[in-house]
Structures are given as C-alpha cells and as structure tokens.
Amino acid sequence: MKFYAVAKGLKTGIFTTWPEAERQVRGVAGAMYKSFKTREEAEAFIANPSYGPKKSPGKPGKPSGKAPSAPKTYSKDTVVVYTDGGAIGNPGPGGYGVVIKDGQQFSGGYNLTTNNRMELMAVIVALEALQGETNPIVLHSDSRYVINGITKGWARGWKRRGWKKSDGNPAVNPDLWERLLGLLPGLDIRFQWVKGHAGDPLNEACDHLANSTARMDGLPDDTGYVKV
C-alpha cells in the first residue's frame, strides 16, 4: 500500500489511492505531491514539503553495482533541473513535466503524441525558462534518446545533413530538435542521464506531472506530430 502526500493542491492531505490524489493536483500550478511506503514518511513530507535529493549513505571505495546515475551534490550556484515526458499507448495522449530545484514546475501535454516528443518538449520548456541563466545548469533526463541526441552529437549531425540520418533516412522529430538546439547557445549546461522509476524524488515528481497532464481532458493538438 502506498500513501500519497499532497502538500499543495486543491485539497492537501494524505490519500491512499493515486486517482484520489491526482484529482487534487491535476492542473494545479506548482502542485507538490509524492508517494511514500509509510504514513509517517507522508506526514513528514506534508510538514516540510521538498523534492530535495535523498541522502544515500554507502561505503566509500566499493562500487554499488547499480547503473550510473546523477551526482548527489553540485556546487552551490548550480541550477539543478529534472525533466520527463511520456505518452499513454505511444502514440497517444501525452504529457511532460519539469522541476527546477528552486521550486519552479512546468507541465503540459497534447491529445496525440509520442514518448520521445514529450521527452524533448520537457527539455525545451526547461531551457526556455532558463534563457539568460549565467550559472551552470545540470539537466537530468531518463531518456537515452534525448541525452545521446545531444551529448553524442546525433542531433547536430542530423541538422547538418538536412535532418537526415547517416543512412539517408529522415530524422524523427526535426521540429523539436531544431528548437532544442536553438536554445543551447549561451547556456553553461550539462546533460545527465538518470535512471527512471528508481526512487529519485525529482524524477518521480516530473513523472507525476507528465502522467497527470496526459490524462487531462481538452489537450491541444501536437501539430508537429500530426504533420509527420
């Protein structure tokens, strides 16, 4: 059994089912909520709501055997950002979520789209909010598609070839990759892959934002996807 703590929403409190909790946060700007295994943990979150990273004590010098994930600490002036996106059915109704560690949150969605388009939109929305930022930025995503597209130079290569892959086939989602690449100049940014659904509180918060938005009524068309 899980306990869903809603610290900011239509109604705050602790709920024992996600649909009940979702009704309190759906469409609420800056909603703060999180799931816990015990009521005590949920009550502690209500008393002091925060998406700060959990401390994970371990023995130094011994590898954990787990997949590499994001560093736990950054310099004081680093802007820490998490993004996530997905589509129900893929393609299907989709949503994206962004959490900036200073407390800002963004979400949105479309009535028919794909997982990858929503992962890209999450990053685009985050970078649009951070235009003009002079401090270093670390942006976390659990999408290998997004991370590799930037860090391995895939997207820039597709653009140089007129949005074609190395095999001559058309690159997918050129409209969103074009927007993303255009937002990078002037930012001191590093992209960091983080394992999804692994208990990272900020990744989990983004996932909740994306999923709850994807289930909202009246979502607009994703015209970039419709044209594909």
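Only a predicted model underlies this, so the values are computations on that prediction, with no experimental measurement involved.
- Of the inter-residue distances, the one linking L219 atom CG with L112 atom CG reads 11.0 Å to the nearest 0.5 angstrom.
- Contact annotation: the side chain of L187 approaches that of Q131 to within less than 4.5 Å [non-hydrogen atoms, C-beta and beyond].
- Looking only at side-chain heavy atoms (C-beta outward), V80 and H140 come within less than 4.5 Å of each other.
- With hydrogens and angles ignored, the 3.5 Å screen pairs no side-chain donor or acceptor of N169 with any backbone N or O of K165.
- For the 3.5 Å distance criterion, the side chains of T223 and D221 fail to qualify, holding no donor opposite an acceptor.
- Separating the CG atom in L120 from the CG atom in D175 is a distance of 9.0 Å, to the nearest 0.5 Å.
- Once rounded to the nearest 0.5 Å, the distance linking CG of N173 with CE of M118 reads 9.0 Å.
- Atom CD1 in I100 sits 9.0 Å away from atom CG in L139 (nearest 0.5 Å).
- In this structure, W154 has its ring center at least 6.0 angstrom away from the ring center of Y145.
- Proximity of a side-chain donor or acceptor of S141 to a complementary backbone N or O of S143 within less than 3.5 Å is detected.
- Judged by distance alone, the side chain of T213 and the main-chain N or O of L209 form a donor-acceptor pair under 3.5 Å.
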How far apart are the C-alpha atoms of L180 and L176, what are their side-chain angles, what is the distance that settles it, and do they pass the side chain to side chain contact (heavy atoms under 4.5 Å, CB included) test? CA-CA 6 Å; L180 195 161; L176 298 185; over 6 Å; no
Between W177 and W158, does a side chain to side chain contact (heavy atoms under 4.5 Å, CB included) hold up when you go through it step by step? CA-CA 9 Å; W177 280 114; W158 299 334; 3.5 Å; yes
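- To the nearest 0.5 Å, atom CE of residue M121 and atom OH of residue Y110 are 4.0 Å apart.
- In this structure, CG on L202 lies 11.5 Å from CG on D84, to the nearest 0.5 angstrom.
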